[in-house]
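Just so it is clear: chains get the letters A, B, ... in the order the sequence lines come, proteins before strands, and each one is counted from 1.
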Amino acid sequence: MRLSQSFIPTMKEIPSEAQIPSHQLMLRAGMIRKLSSGVYEFLPLGFKILKKVEQIIREEMNAAGAQELLLPALHPKELWEETGRWEIYGDEMMKVIDRNKRQFGLGPTHEEVITDLVRKEVKSYRQLPVILYQFQTKFRDEIRPRFGIMRGREFIMKDCYSFDKDEAGLNINYQKMVQAYKNIFTRCGFDFRMVQADSGNIGGNLSHEFMVLANTGEEAIYYCDACQVTLKANEPEGGQTASIEKKSCTACQKEMKYSRVIEVGHTFNLGTKYSAKMKATFLDENGESQPYIMGCYGIGVSRIVAAAIEQSHDANGIIWPRQISPYQAIVLPLDVTNEPVKNTAEDLYAQLQSQGIDVLLDDRDERAGVKFKDADLIGIPVKVIISIRGLAEGKIEIKLRQTGEVFKLSVAEAVPKIMELVQV
RNA sequence: CGGGGCGUAGCUCAGCUGGUUUAGAGCGUACGGUUUGGGACCGUAAGGCCGUCAGUUCAAAUCUGACCGCCCCGACCA
């Protein structure tokens, strides 16, 4: 992609509405724009990252035996009345009325819809288990939208649902999903912890949250790295400024570490909570009608993007982990009016593309400083710098965003080196 | 919803104890020139229903009220 032709509107100044680094940087890097409180547009750069994250999740979900589908966002009121959640969810559900005055909710989660689908199609224990998931825009009329896409009223979620004939089957699938989640968050480059949690509104018997360590997180945990013991921390009296209570590890007695965290995933053992109420049943080996044993597994896809920035940025901008970086490298000809510089950059850009590298070329007629600042702001891991000064020595320069490490190489040496550096 | 803050150019902000001109600056944008390794400099220009409506007044960006919107703290949540 040529920067001169791209729609990546960067900003030098921080919009006053943004308080936390991820929100500020997403706006400044031209990834998102606000349409309304808690409602954001994903611009091409933001969208590209979203798709990268989505693909990592998709690969791991598929590997775990889940099948992707797409469910509607419009949910008939009657379906939610079956579980009593039309009332329970209340004002947090966005509601619309059709031309016949029929009421619909905009799906904040999909237990009702998926259970309805499965109960209509799965009649026998022989058809179980089945694991289905989707990527979809969820709508929640949050009491207080906050921090850009971190807590929006409209957001992208991967939600997955498992249906088993018995508790043993659910436990197997639950563990598969937990492992898939660990793979996903590791691939996203996160420092994260899994913690047992309350089930909240979704409900069920057992649930776990996946927390990314970041000091702008809305929640907090205690954790012990030696023993893998992790606990949710209650919000201290007096809010976030209050002093933090010390806790010792239940296993090794050492003092536990404390960190604020961002919840990016949540798994639930639902049991028969929904299937029983919705009369969603199958016939077991004995010909008896049984409700499905269900699990549900959510990941905040758009929130992952924000969390990644919270965990990896500096004063100059975002530092993308290689796995989810929108581009693998950026080629910076520092003076496009200089023919050798321009030609070398064009040549390198073409070579990298032919090697399958997703590369950005800053072919704008801008000063070096502007190009460096933008490249660092949008956080591309590898900068390839071509200048008059460098070419005089027959060299180009490769500089890493994360470490600042610099390699000076001939053009011929540069391509294999770049390919090595962008490996994930 | 309770508490707090804020709405002036695309962005950051000044002006606000009513009246000085035609509402300003920096950044950004367009054009010209000088520059060219970390957001350069000079000049010119475009860009505003001063959130909306009502009120007070000879006179409102400025005072008052209502409404709308946005942000922050709290309960809810991926």
Side-chain angles (χ1 to χ4, degrees), chain A residues 9-20 23-24 27-28 30 33-39 57 88-93 108-110 135-160 181 197-202 207 209-212 217-219 235 237-241 261-268 296-307 315-317 332-338 341 364-377 383 385-392 396-397 399 404 406:
Chain A
T10 59
M11 283 187 274
K12 205 189 295 194
E13 286 181 282
I14 302 169
S16 53
E17 74 197 44
Q19 307 295 319
I20 63 171
H23 189 195
Q24 296 174 345
L27 289 167
R28 288 190 54 214
R33 289 291 184 263
K34 182 176 69 186
L35 179 61
S36 180
S37 179
V39 181
I57 297 171
I88 294 167
Y89 234 95
D91 288 340
E92 200 167 324
M93 183 148 54
T109 177
H110 279 66
F135 292 97
Q136 206 215 25
T137 301
K138 300 292 194 236
F139 299 88
R140 294 186 187 176
D141 197 356
E142 291 284 348
I143 295 168
R144 178 148 90 92
R146 226 196 297 222
F147 301 149
I149 63 167
M150 195 71 85
R151 173 173 305 286
R153 295 195 292 172
E154 181 182 323
F155 61 99
I156 310 291
M157 180 169 168
K158 186 282 305 179
D159 50 324
C160 179
Y181 274 33
D198 297 332
S199 300
N201 207 330
I202 310 286
S207 97
E209 290 173 330
F210 292 78
M211 306 296 215
V212 168
E218 293 185 86
E219 295 171 88
E235 196 61 40
E237 294 289 327
Q240 296 186 14
T241 51
V261 290
I262 298 164
E263 181 188 351
V264 290
H266 202 155
T267 58
F268 302 86
C296 123
Y297 318 90
I299 290 182
V301 183
S302 39
R303 182 179 286 179
I304 282 182
V305 177
N316 291 322
L332 303 177
L334 295 191
D335 184 353
V336 292
T337 63
N338 179 279
V341 168
R364 298 174 302 172
D365 185 8
E366 289 286 354
R367 295 167 62 87
V370 173
K371 296 191 179 196
F372 286 131
K373 290 290 184 190
D374 271 345
D376 287 348
L377 175 60
K383 287 194 287 282
I385 302 156
I386 297 147
S387 64
I388 297 171
R389 184 203 287 182
L391 289 184
I396 63 154
E397 194 175 306
K399 188 167 184 180
V406 172

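Spacing between U17(B) and U34(B) at atom P, rounded to whole Å, works out to 48 Å. The gap from the C1' atom of A60(B) to that of G51(B) amounts to 16 Å, rounded to the nearest Å. C76(B) sits 42 Å from G15(B) when the C1' atoms are compared, rounded to a whole Å. Taking atom P in both U12(B) and G4(B), the straight-line distance is 25 Å, to the nearest Å. Spacing of C1' atoms, A25(B) relative to G69(B), comes out at 26 Å, to the nearest Å. Between C11(B) and G39(B), the distance separating the two C1' atoms is 14 Å to the nearest Å. Distance noted for atom C1' between U56(B) and G43(B): 46 Å (whole Å). Across the P atoms, C50(B) and A45(B) are found 23 Å apart, a figure rounded to whole Å.
Taking atom CG of residue Asp141(A) and atom P of nucleotide A78(B), one finds them 16 Å apart after rounding to whole Å. Computed from coordinates, the Gln19(A) CD to G5(B) P distance equals 16 Å when rounded to whole Å. The NZ atom of Lys34(A) sits 11 Å away from the C1' atom of G7(B) (whole-angstrom rounding). For Glu218(A) and A78(B), the CD to P distance is 11 Å, given to the nearest whole Å. Nucleotide C77(B) holds its P atom 13 Å from the CE atom of Met157(A), rounded to whole Å. The nearest whole Å value for the distance from the CD atom in Glu142(A) to the P atom in A78(B) is 9 Å. Distance, Glu17(A) CD to G5(B) C1': 15 Å, rounded to whole Å. Between the CD1 atom of Ile57(A) and the P atom of A78(B) there is a distance of 15 Å, rounded to whole Å.
No engagement by Gly148(A) is indicated, since no non-hydrogen atom pair under 4.0 Å with the nucleic acid exists. Nucleic acid contact for Met150(A): base, since at least one base atom lies under 4.0 Å from a heavy atom of the residue. Heavy atoms of Phe147(A) sit under 4.0 angstrom from primed sugar atoms or phosphate atoms, though from no base atom.
Two residues are said to be in side-chain contact when any heavy atoms from C-beta on lie closer than 4.5 Å; Thr337(A) and Asp365(A) meet this criterion. Side-chain atoms of Val341(A) and Leu334(A), non-hydrogen and from C-beta on, never get closer than 4.5 Å to each other. Ile299(A) is listed as a side-chain neighbour of Ile304(A), based on a closest heavy-atom distance under 4.5 Å.
Looking at Glu397(A) and Lys383(A), no side-chain N of the basic residue comes within less than 4.0 Å of a carboxylate O on the acidic one, giving no salt bridge.
Residue-to-nucleotide contacts include a donor-acceptor pair under 3.5 Å from the side chain of Glu13(A) to the base of G26(B).
With hydrogens and angles ignored, the 3.5 Å screen pairs a side-chain donor or acceptor of Ser387(A) with a backbone N or O of Gly390(A). In this structure, Arg28(A) contributes its side chain and Thr10(A) its backbone to no donor-acceptor pair below 3.5 Å. A distance-only check finds no donor-acceptor pair linking the side chain of Arg151(A) to the backbone of Pro145(A) [under 3.5 Å]. Listed for the Tyr297(A) side chain is no donor-acceptor partner under 3.5 Å among the backbone atoms of Tyr181(A). At least one donor-acceptor pair under 3.5 Å links the side chain of Gln24(A) to the backbone N or O of Ala18(A). A donor-acceptor contact shorter than 3.5 Å links the side chain of Lys371(A) to the backbone of Pro333(A). Under the 3.5 Å distance criterion, the side-chain polar atoms of Arg303(A) are matched with a main-chain donor or acceptor of Glu263(A).
Positionally, the nearest nucleotide of RNA chain B for Pro15(A) lies more toward the 5' end than for the other of Pro15(A) and Arg303(A). Summary of the strand contacts: Val301(A) and Ser36(A) both lie near RNA chain B, and taking for each the nucleotide with the nearest heavy atom, the more 5' one is attributed to Ser36(A).
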For this session: Summarise how protein sits on nucleotides 29-40 of chain B as a single string, 5' to 3': B when a protein heavy atom is under 4.0 Å from the base, S for sugar-phosphate-only contact, - for no contact.
Result: ------BSBBBB
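Within the structure, every side-chain polar atom (N or O) of Ser16(A) is placed at least 4.0 Å from both OP1 and OP2 of C11(B). Checking the phosphate oxygens (OP1, OP2) of C71(B), a side-chain nitrogen or oxygen of Ser37(A) falls inside 4.0 Å. Close to G2(B), at under 4.0 Å from its OP1 or OP2, lies no side-chain N or O of Arg144(A). Contact annotation: Arg140(A) side-chain N/O to C76(B) OP1/OP2 distance is not under 4.0 Å.
RNA chain B contains the following stems of three or more consecutive Watson-Crick or G-U pairs, with both distances under 3.5 Å: B:1-7 with B:68-74, B:10-13 with B:24-27, B:29-34 with B:40-45, B:51-55 with B:63-67.
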